[in-house]
Amino acid sequence: QVQLVESGGGLVQAGSSLRLSCAASGRTFSIHAMGWFRQAPGKEREFVAAISGANTYYADSVKGRFTISRDDAKNTVYLRMNSLKPEDTAVYYCAAKYGSAGYRPNEYDYWGQGTQVTVSS
């Protein structure tokens, strides 16, 4: 089993930055890829970014503004979010999976509880 705990969400103004963290514990050695997803009210959960080894992947909507990174010594994955927009408002979830990175929520095996990000205009 792998446990994931997100932190770092909050209420910010448009144009601001936030950094989300996802701390993993348990059988983390078996995890190959980590991802961030988000879900806005009334919408489906959508892919934001993923990291697998040295490779990173981004949704078009966040490319150039968000950066995913990992610190293996701390078993932590980060999502740096710059130039935030009101449409980035959502609950952000960290996810982990075996094998290579994926873009669909149902590809991931473990999920955190989510952290709210609200961007005001």
Side-chain angles (χ1 to χ4, degrees):
Q1 287 288 342
V2 175
Q3 294 78 42
L4 303 173
V5 178
E6 303 98 334
S7 61
L11 170 62
V12 297
Q13 291 187 331
S16 300
S17 298
L18 277 177
R19 189 182 76 162
L20 305 183
S21 300
C22 173
S25 61
R27 298 173 62 88
T28 56
F29 62 87
S30 62
I31 294 300
H32 295 163
M34 301 286 293
W36 286 96
F37 289 78
R38 66 187 181 186
Q39 188 166 17
K43 295 188 177 181
E44 293 187 351
R45 193 167 296 190
E46 66 174 3
F47 171 78
V48 175
I51 186 166
S52 178
N55 297 314
T56 57
Y57 309 86
Y58 297 95
D60 288 343
S61 60
V62 307
K63 201 171 295 184
R65 299 189 297 123
F66 291 11
T67 303
I68 189 171
S69 61
R70 64 193 300 168
D71 184 335
D72 289 335
K74 296 182 178 179
N75 287 329
T76 300
V77 174
Y78 304 98
L79 184 68
R80 176 70 180 181
M81 307 184 294
N82 295 329
S83 302
L84 282 162
K85 304 175 181 180
E87 51 263 45
D88 294 319
T89 294
V91 177
Y92 282 71
Y93 296 91
C94 174
K97 69 182 299 290
Y98 307 108
S100 58
Y103 296 90
R104 297 187 299 270
N106 62 7
E107 297 182 75
Y108 285 76
D109 302 289
Y110 302 100
W111 291 86
Q113 81 289 350
T115 185
Q116 176 72 46
V117 172
T118 303
V119 184
S120 63
S121 58

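- The backbone N or O of Tyr98 lies less than 3.5 Å from a partner atom in the side chain of Asp109, making a donor-acceptor pair.
- Here the rule is side-chain contact (heavy atoms from CB on, under 4.5 Å) with Val119, and of Val12, Leu18, Leu11 only Val12 fits it.
- Among all heavy-atom pairs drawn from Ala14 and Ser121, the shortest one is CB-CA, 4.4 Å.
- Contact check on Asp88 versus Lys85 returns no salt bridge, with no Lys/Arg side-chain nitrogen under 4.0 Å from an Asp/Glu carboxylate oxygen.
- Atoms CD and CD, from Glu46 and Gln39 in turn, are 9.5 Å apart once rounded to the nearest 0.5 Å.
- Take Thr67 and apply the side-chain hydrogen bond (donor to acceptor under 3.5 Å, both in side chains) test, not counting sequence neighbours, and it matches no residue.
- Minimum interatomic distance between Gln1 and Gln3 (heavy atoms only, all atoms of both residues): CB-NE2, 3.6 Å.
- For the pair Ala49 and Leu79, the tightest heavy-atom approach, listed with the atom from each and the gap, is CB-CD1, 4.1 Å.
- Here Leu84 contributes atom CG and Phe66 contributes atom CZ; the two are 5.0 Å apart, rounded to the nearest 0.5 Å.
- Within the 4.5 Å cutoff, side-chain heavy atoms of Val77 are placed close to those of Trp36.
- When atom types are taken as modelled, the side chain of Glu6 and the backbone of Thr115 share no donor-acceptor pair closer than 3.5 angstrom.
- Here the closest non-hydrogen pair linking Gly102 and Lys97 is N-CD, 3.8 Å.
- Phe47 and Met81 fall into different hydrophobic clusters, where Ile, Leu, Val, Met, Phe, Trp and Tyr side chains are chained together by heavy-atom contacts under 4.5 Å.
- Under the side-chain hydrogen bond (donor to acceptor under 3.5 Å, both in side chains) criterion, Thr118 pairs with Gln116, not counting sequence neighbours.
- The nearest pair of heavy atoms linking Ser17 to Arg80 is CB-NH2, 3.6 Å.
- You'll find the side chain of Arg38 stays beyond 4.5 Å of the side chain of Val117, heavy atoms only.
- Both Val91 and Trp111 are members of a single hydrophobic cluster when ILVMFWY side chains are connected at heavy-atom separations under 4.5 Å.
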Notebook entry, point to check: Would Leu20 and Tyr93 satisfy side chain to side chain contact (heavy atoms under 4.5 Å, CB included), going step by step from the backbone distance to the final call?
Noted result: CA-CA 10 Å; Leu20 305 183; Tyr93 296 91; over 6 Å; no
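- In terms of hydrophobic clustering, with Ile, Leu, Val, Met, Phe, Trp and Tyr side chains grouped at heavy-atom distances under 4.5 Å, Tyr92 and Tyr110 are assigned to a common cluster.
- For the atom pair Arg70 CZ and Thr56 OG1, the distance stands at 11.5 Å (nearest 0.5 Å).
- Not one N or O on the side chain of Tyr108 forms a donor-acceptor pair closer than 3.5 Å with the backbone of Ala33.
- The structure places CD1 of Ile68 at 11.5 Å from CG of Asn55, a figure rounded to the nearest 0.5 Å.
- Cation-pi check for Arg45 over Phe37 is not met; the charged atom does not lie both under 6.0 angstrom from the ring centroid and within 45 degrees of its normal.
- The minimum heavy-atom distance between Cys22 and Met34, with the atom names listed, is SG-CE, 4.0 Å.
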